[in-house]
Amino acid sequence: MTTRSNGPAAGFGWLTRGIDVARRHPRPVLGGAALLLVACLLPSLVTLPFQMHAMQPGAQPSPALFGGLMLVSMLIALLVVPLYAGYLQVIDAAERGQRARARDIFKPYAQGQALRLIGYALLLTVIFVALVAVVLVAAGGGLAGWYMQAVAAQANHVPPPGLPAGVMTAFALLSVLWLFMMGFYAISLGQVSLGNRGVFASIGDGAVGALKNALPLLVFALSLLLVWIVATIAIVLLVLVVTLLAKLVGMWLVFVLAIPLYIALALAMYAVMFGVMYHLWRDVCGHAAPPAMATAAI
């Protein structure tokens, strides 16, 4: 499988086309995002009763309970990974002009692809943890100890320790790692989901593709930062308007408006995130765009 390198402007194109996916295919894309949102909330819903019990006054935190909760959450999160692949397949079908349905996000389970995708997620987790460990060691071994001290200080209600040396180095290295992992994950997930590639081959394509497209990934990150600033300003203004209306009408209006707004924002974030991942994968490793899409992209 050949990975393609793209020019710097491709990073901005990934963002704009990712934002536009839901507008052009609202029913399958937003419907699939709704199903995916429910699936992603399952780990929290399953462990919520135990978390509420642990937060009760006088309750002693149990390491065994904490470990069990973490294990259950991780297992459920792994079971959700095939749905990520199914959602990419829904976007791919919609973008190619084929029949796309929201419930098609469950196709990887129906077609027997779930175990391969879960294995991919496990391997990707190991790689990510290893890379973070390398960054922490390169930035100075005192960061892990400082973190443990900060957690203990918070538990004992005492001031946290001062920042250790190497914090800025760690921040810079983690920023570079985040940029790499962003492209690495999008490309490798696209390969294992849409490119009919094996787990190890997909991981290799993701690493090579991310390195070959470092500059457009940087442009994408900067574009995303600007969009996020504008979106944050819009959200703050919206919150101010809702708060003013609540004072005039009543607090019940906050709950009536906040819940649908939160759901709409979550669905939009899922649609944009996976839309960007899809177009990133397609430009680096995927098939060529249909004529209509190619014209629209120009």
Side-chain angles (χ1 to χ4, degrees), residues 29 31-52 54 62-93 101-136 174 177-178 180-207 209-210 266-267 269-278 280-281 285:
V29 172
L35 294 175
L36 192 59
L37 175 62
V38 173
C40 291
L41 289 176
L42 285 179
S44 301
L45 295 177
V46 170
T47 59
L48 183 60
F50 301 99
Q51 295 176 12
M52 296 297 295
S62 171
L65 178 61
F66 178 76
L69 291 177
M70 292 293 293
L71 180 61
V72 171
S73 298
M74 184 180 69
L75 290 176
I76 297 177
L78 287 175
L79 294 176
V80 175
V81 171
L83 303 186
Y84 297 159
Y87 191 42
L88 278 181
Q89 292 171 2
V90 169
I91 295 176
D92 180 56
R101 299 171 298 182
R103 64 177 181 269
D104 287 344
I105 70 169
F106 299 103
K107 268 190 174 182
Y109 276 104
Q111 297 175 349
Q113 302 172 345
L115 289 179
R116 181 165 60 95
L117 291 163
I118 291 173
Y120 157 80
L122 286 172
L123 180 57
L124 195 69
T125 301
V126 172
I127 293 174
F128 176 73
V129 172
L131 290 176
V132 171
V134 170
V135 168
L136 293 180
L174 288 174
L177 177 61
W178 173 80
F180 169 76
M181 288 300 299
M182 181 172 54
F184 175 47
Y185 179 62
I187 297 168
S188 60
L189 182 61
Q191 287 294 78
V192 77
S193 306
L194 303 170
N196 295 320
R197 297 279 280 170
V199 172
F200 292 101
S202 298
I203 294 291
D205 292 340
L267 296 182
M269 289 181 62
Y270 272 109
V272 171
M273 180 174 63
F274 281 89
V276 168
M277 289 170 58
Y278 170 75
L280 197 163
W281 164 80
C285 288

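All residue numbers in this chain count up from 1 along the given sequence.
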Can you name the closest pair of heavy atoms from V192 and R116 and give their distance?
-> O-NH1, 3.1 Å
What one should report as the nearest heavy-atom pair of V80 and C40 is CG1-SG, 3.9 Å
Gap separating the OH atom of Y270 from the CG atom of L267, nearest 0.5 angstrom = 9.0 Å
Side chains of residues 118-129: which donor-acceptor pairs under 3.5 Å do they make with residues two or more places apart or in other chains?
residue : atom : partner : partner atom : Å
Y120    : OH   : S188    : OG           : 2.7
Y120    : OH   : L189    : N            : 3.2
T125    : OG1  : A121    : O            : 2.8

Distance-only, no hydrogens or angles: does the Q89 side chain make a donor-acceptor pair with backbone N or O of S193 under 3.5 Å?
-> yes
Where is the tightest heavy-atom contact between A210 and I187, given as atom of each residue plus distance?
-> N-CD1, 3.7 Å
side-chain contact (heavy atoms from CB on, under 4.5 Å) filter on L35, not counting sequence neighbours, yields A102, I105, F106
Check side-chain hydrogen bond (donor to acceptor under 3.5 Å, both in side chains) between R101 and all other residues, then give those that pass, not counting sequence neighbours.
-> D104
Check against side-chain contact (heavy atoms from CB on, under 4.5 Å), L79 and Y109 = CA-CA 10 Å; L79 294 176; Y109 276 104; 3.6 Å; yes
CG/L174 to CG/L131 distance, rounded to the nearest 0.5 angstrom?
-> 10.5 Å
Taking atom CE of M273 as the centre, report whether more than 12 heavy atoms of other residues, nucleotides or ligands fall under 6.0 Å from it.
-> yes
Y87 side chain to V29 main-chain N or O, any donor-acceptor pair under 3.5 Å?
-> yes
Test log, rule side-chain contact (heavy atoms from CB on, under 4.5 Å), inputs V90 and F274 = CA-CA 10 Å; V90 169; F274 281 89; over 6 Å; no
Correct closest heavy-atom pair for W281 and G190 would be NE1-C, 3.4 Å
Rounded to the nearest 0.5 Å, what separation is found between the CD1 atom of I91 and the CE atom of M277?
-> 8.5 Å
Smallest heavy-atom separation, L117 atom then P82 atom, equals CD1-CA, 3.7 Å
